[in-house]
Asker: 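Take a look at the following structure, please.
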Amino acid sequence: MKNFQLSAKILSQKKIKGNYWHCELAAPLIAKNACPGQFINIRVSDTYDPLLRRPLSIHGVKGTKIKIFYKVVGKATEILARKKKGELLDIIGPLGNGFAFGKRKTENGKQILVAGGMGVAPLMFLAERLKKTTIQVLVGARTREELLCINDFKQAGCLVSVATDDGSAGFQGRVSDLLKQLLQEAQFRPQTIYACGPRLMLKAVADMANEYALAAQLSLEEHMSCGIGACLGCVVKTKGGLKRVCKEGPVFAAKELAW
Amino acid sequence: MKNFQLSAKILSQKKIKGNYWHCELAAPLIAKNACPGQFINIRVSDTYDPLLRRPLSIHGVKGTKIKIFYKVVGKATEILARKKKGELLDIIGPLGNGFAFGKRKTENGKQILVAGGMGVAPLMFLAERLKKTTIQVLVGARTREELLCINDFKQAGCLVSVATDDGSAGFQGRVSDLLKQLLQEAQFRPQTIYACGPRLMLKAVADMANEYALAAQLSLEEHMSCGIGACLGCVVKTKGGLKRVCKEGPVFAAKELAW
Amino acid sequence: MPTRLAVEIGKLKLSNPVMTASGTFGYAEEFQDFMELKKLGAIVTKTLTLKPRQGNAAPRTCETPAGMLNSIGLENPGLEIFIQDKLPFLKKIGIPIVMSIASEEEPEEFLELVSRINLIPEVAAVELNISCPNVRGKNSLIAQDAEATYQIVQEVRKRTDKVLITKLSPNVTSIGEIAESAEKAGSDAISLINTLGGMSIDVQQRKPKVSSGIAGLSGPAIRPVAVRMVWEVFNKVKIPVIGMGGITDVPSALEFIIAGATAVSVGTANFINPKISLAIVSGLKEYLVSNKIADIQELVGSLKI
Amino acid sequence: MPTRLAVEIGKLKLSNPVMTASGTFGYAEEFQDFMELKKLGAIVTKTLTLKPRQGNAAPRTCETPAGMLNSIGLENPGLEIFIQDKLPFLKKIGIPIVMSIASEEEPEEFLELVSRINLIPEVAAVELNISCPNVRGKNSLIAQDAEATYQIVQEVRKRTDKVLITKLSPNVTSIGEIAESAEKAGSDAISLINTLGGMSIDVQQRKPKVSSGIAGLSGPAIRPVAVRMVWEVFNKVKIPVIGMGGITDVPSALEFIIAGATAVSVGTANFINPKISLAIVSGLKEYLVSNKIADIQELVGSLKI
Ligand SMILES: Cc1cc2nc3c(=O)[nH]c(=O)nc-3n(C[C@H](O)[C@H](O)[C@H](O)COP(=O)(O)OP(=O)(O)OC[C@H]3O[C@@H](n4cnc5c(N)ncnc54)[C@H](O)[C@@H]3O)c2cc1C
Ligand SMILES: Cc1cc2nc3c(=O)[nH]c(=O)nc-3n(C[C@H](O)[C@H](O)[C@H](O)COP(=O)(O)OP(=O)(O)OC[C@H]3O[C@@H](n4cnc5c(N)ncnc54)[C@H](O)[C@@H]3O)c2cc1C
Ligand SMILES: Cc1cc2nc3c(=O)[nH]c(=O)nc-3n(C[C@H](O)[C@H](O)[C@H](O)COP(=O)(O)O)c2cc1C
Ligand SMILES: Cc1cc2nc3c(=O)[nH]c(=O)nc-3n(C[C@H](O)[C@H](O)[C@H](O)COP(=O)(O)O)c2cc1C
Ligand code: FES
Ligand code: FES
């Protein structure tokens, strides 16, 4: 899959709530080639601080536009949020492998998407592309205010259940416990679980997929210095040895991973 | 003289022409205490690149506002020019000694101001404060388009002559040669020459002041790392030893300097 | 005015002085989407060892002010798999390939590696990485000791006619002394600098940000140290110097050349802008033209001091 | 919860661990408009020599990525004028004053300086600057040689009961070794790091940006190197370590403490934000409170590795 480095114009930049921002970029070559689970690598400043690019998932594609959805957590995301409509962003993409779907039988089965925190970012794009199937989305966050994309998932035709650590909305507990409940009660037996979120959540999802003999595809994060497979910085242990999250990932089959 | 570090709101930010920008800041404590020839030291970014503050002359004071006039030449001035009205700037000032005037007899005599390039910045403020006397301003630049503040000086009641290296306006040659002509023709015999501009120009002015036995006050530039006298980075040779441009300067009597 | 960008590193001829630094350019494949690889002066491979190495645990990198730390731990597939899987692509590019090698047991592994590399005609030069701070379990590097440097370079020199480049570590008291040893031992060129030893701490967790604790600092932050060392080495040895450390643009590449580097290597900057090395090639040409310099070699070491 | 910020460097008691680094805080007068000086842990003076020194020619400083180069050349008024003109102001502040000293001819000048400083009760400690790269005409520093370090520290130790701090240079192969020498010779504490040797070139003029050519690199760029060296020294010696090199904020000060520094010095950051050292004092307190740490000494060297 070919990668492109381009200067993408910001078409819109909106604060959704709190520290969460939504941004659309004009990036025809990336939009055309992007698959759910892939990401772009952004240079937010032409100074040396911050120095490295920052990876952000592709949140959606609409015509020649790509969407990103990000949380301001530090230097680079803060600078990004200060950028205005019309400004240009130096981006590289579409990077990584993306979720495997569509070419398999699972396409017409039921799917379950498990998102923890910002994990909604790539899964929203996946939900749009999976549209033809029945999709159950589980969204987890610490508290009600941090639940993300609920309406977007609904609009995309998904069934949505939520979990909050503090019980301020939906199931009280971790989203992985909600998944467990769902699987136990056999309410919903998916063919594949697609998950993105904190490492511990992904581990729990992997364990459950194993227990229930389900396929699971997990989107991982590692600190990335290049995003294009050159630095070997972003490796994760798999049964087949170390793999680069930016290149062989960020999506890995749960059964491949050696936690 | 006390220095203040404050967060100054940008009240206006305008491109005058080319790379030249004019900016007004709300800085009551600095405005109240500033003298012509003093400067402020600006932190344009809270990242580490650029790392150090940048010195800019106080171009004028109006009530609680101070004005700066700057040319975009590199990283920091570029970032500064991108700042919008309403944003805050971390500044320290008023720094340095400023021009000596007013307390001496020269106050009511004729004065001559010699500006090369951006040297107009502090001299404009001086012209405003010297108002009661007859002021002849000589402004030099490489070419017509780079002549600065001509109308401002006129509005402040000064007589203005210009010199351009390429002869595209006024006297063809250096502004120091124009000064020489003026002094030779005895058209105008000032009591003090105030000058700011490139080092070579200042040297020529100092030589002429010496030749005609006139007092001259020169505003110098050196690379400044602190602006408050702490690093000893900005020294210049004087007959009384090394002096700090940021503290004992930036204005020095021509006869004090050991070029 | 015709301008000449070509330079020579021993008998190695480069069409221009811009190379890519070991470990920052993968095995070149990763950059084919972004540039015409054959326009580079040369490509230096990620350092190879005889046997495959898994390298260190994650996290392996973090950002620092104007720099980054890495502790990859020389992950590499080992010589055999490199020859099978990576070399064919590199060969096809058609520019000089420099093989960077390191060894876990000196000198045997170095000698074994070199004797095998001697059989690969497409490898133009060997870079001895005796300065990698990320090999676990060692307290000091060969390149931190003039005598040890001399020994290993001499042994390798005896066994190969390929252009021999010795890569030095900046973590030394006197870089000139180490460079002199390498020269005396028969190295054809000196490349420097490898990363500076550094550490960065996550103060909430009170743990190092990179799993190995101490890691290697690279990027623009270290550029002044690198330029200084190139200048010191240039003044100490007669063999060509390949300069690197924080090169990110045309002016920074020029700093190294003016300080005495015959060629330069682009490292961390490849991660930030994968096209930068070729942009530097064109920028150098423009500089020569606008400064009316016929041959880039006139610039080498032209610092007025 | 009551939290304790006080620390001890030998018999020197500081109300908090934040000091100002030599040469970056003038003689403190320059900062009185910006802070209540007496809230600092201690103040280290610009390095003094026996006789006045004019220092190097301009330009003396330039900016580099996330750092700066300086080559002041130890400009100072000499001991006598310091005592007359600068000391009275420092005395009045009422916190420990550390006098940094250097010598052009070792060991005589150091000994002469120390014997005079012994007579000034308000000077709490002496910092031996054996690591200043900006004294012209020398090829190497005392602090680049373990034996030379041992000699000079021992000689000075014999002559003074004041707290003795030895300031080390990062431009060495093994910082631990030098620190050990200083400890053995009787130093009460080690401070590090002084600047890294660096150079920056104006490529249009092909001249160094700082007149002396080679100069000293400081600022956030060098922080990872400094943190690493503090960690190495902390693991080598038992005497307290004063850490510095690119401290600009609370997290960076914490990095040094966690790596093993009992106290920290703020240097270049004073130029950027003259109030920063006191902001760090309050920030450290907040960190202790929010992490439920009763005494900052629990943090010293608490790195989990
Ligand atoms: C493949 C991939 C896709 C991602 N997609 C998204 C996305 O769609 N939306 C989004 O908001 N974020 C996403 N992230 C995380 C995002 O890259 C980081 O939040 C961002 O790099 C932080 O940069 P910063 O300079 O603002 O923060 P920094 O100043 O670098 O760090 C601030 C804090 O953020 C944390 N952080 C930094 N880098 C990462 C990282 N790579 N992963 C996790 N935490 C990090 C650090 O632990 C630190 O405490 C993704 C990460 C990866 C690897
Ligand atoms: C006391 C004083 C008052 C000044 N007043 C003004 C003013 O009112 N308006 C104005 O436009 N400029 C003024 N300057 C110059 C101004 O400080 C520099 O142009 C600015 O710091 C450049 O920053 P930069 O990051 O944009 O450029 P950099 O990227 O730092 O450098 C770009 C170019 O600018 C030149 N430059 C950098 N610093 C200086 C400096 N201190 N003096 C001269 N050239 C420099 C460099 O040689 C370099 O080639 C003043 C300087 C001093 C010392
Ligand atoms: C991620 C990474 C991996 C590296 N791997 C190697 C290596 O395998 N062998 C080697 O000799 N140098 C290695 N280096 C050092 C670089 O080749 C170079 O010497 C150093 O990074 C300084 O240049 P820079 O600042 O331009 O990156 C590596 C550097 C980085 C950043
Ligand atoms: C302008 C300047 C002058 C300095 N002068 C001295 C000095 O006189 N004596 C000394 O021991 N260190 C001197 N230093 C080094 C600092 O004390 C400190 O060790 C070094 O700058 C690293 O800390 P920093 O990165 O926080 O600045 C100087 C540093 C700078 C930037
Ligand atoms: S981020 Fe460099 S290899 Fe993945
Ligand atoms: S700029 Fe630091 S003393 Fe003048």
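Throughout, a chain's letter reflects where its sequence line sits, starting with A, and its residues are numbered from 1.
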Asker: Select one option (side chain, backbone, both, neither) describing which atoms of D:Leu254 are under 4.5 Å from chain C's heavy atoms.
Answerer: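 Contact with chain C is through both the backbone and side chain of D:Leu254.
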Asker: Determine whether C:Leu303 and D:Met199 make a side-chain contact, defined as any pair of heavy atoms from C-beta on separated by less than 4.5 Å.
Answerer: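 Yes; the side chains approach each other to less than 4.5 Å.
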Asker: Side chain from CB out, backbone as N, CA, C, O: work out which of these in C:Leu217 comes under 4.5 Å of a heavy atom of chain D, or both, or neither.
Answerer: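 Only the side chain of C:Leu217 comes within 4.5 Å of chain D.
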Asker: Checking C:Ile175 against chain D: side chain, backbone, both or neither under 4.5 Å from a heavy atom?
Answerer: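 Neither part, no heavy atoms under 4.5 Å.
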Asker: If we only count heavy atoms from C-beta on, is the C:Arg206 to D:Ile305 side-chain gap below 4.5 Å?
Answerer: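 No. Closest side-chain heavy atoms not under 4.5 Å.
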Asker: In terms of heavy-atom proximity below 4.5 Å to chain D, should C:Glu232 be classed as side chain, backbone, both, or neither?
Answerer: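 For C:Glu232, the contact with chain D is made by the side chain alone.
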Asker: For chain C, which candidate among D:Gly67, D:Pro208, D:Gly213 shows the most heavy-atom pairs at distances under 4.5 Å?
Answerer: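 So the answer, after comparing D:Gly67, D:Pro208, D:Gly213, is D:Pro208.
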Asker: Taking all non-hydrogen atoms of both residues into account, name the closest pair between C:Val203 and D:Pro251 and its distance.
Answerer: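 Here C:Val203 and D:Pro251 meet closest at CG1-O, 3.5 Å.
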Asker: What is the minimum heavy-atom distance between D:Pro65 and C:Arg223, and which atoms define it?
Answerer: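 Closest approach of D:Pro65 to C:Arg223, heavy atoms only: CG-NH1, 3.9 Å.
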Asker: Are the side chain of D:Arg228 and the backbone of C:Gly197 linked by a donor-acceptor contact shorter than 3.5 Å?
Answerer: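 Yes, because the side chain of D:Arg228 sits within donor-acceptor range (under 3.5 Å) of the backbone of C:Gly197.
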Asker: Relative to chain C, which segment of D:Ile222 carries a heavy atom at a distance below 4.5 Å: side chain, backbone, both, or neither?
Answerer: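 Neither part.
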Asker: Please collect all side chain to side chain donor-acceptor pair (under 3.5 Å) contacts where either partner lies in residues 295-305 of chain D, sequence neighbours excluded, each pair once.
Answerer: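 As it turns out, the side chain to side chain donor-acceptor pair (under 3.5 Å) pairs with a partner in residues 295-305 of chain D, which skip direct neighbours, are D:Arg4-D:Asp295.
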Asker: So, do C:Ile201 and D:Val227 sit near enough that their side-chain heavy atoms are less than 4.5 Å apart?
Answerer: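 Side-chain contact under 4.5 Å: yes.
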Asker: Please output the residues of residues 256-281 of chain D in contact with chain C, using a heavy-atom cutoff of under 4.5 Å, in numerical order.
Answerer: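 Expected list: D:Ile258, D:Ala259.
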Asker: At a 4.5 Å cut-off on heavy atoms, which part of C:Thr64 comes close to chain D: side chain, backbone, both, or neither?
Answerer: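 C:Thr64 touches chain D through side-chain heavy atoms alone.
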Asker: Among the options C:Ser252, C:Pro224, C:Gly198, pick out the one with the most heavy-atom pairs lying under 4.5 Å from chain D.
Answerer: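 Most heavy-atom pairs under 4.5 Å with chain D: C:Pro224.
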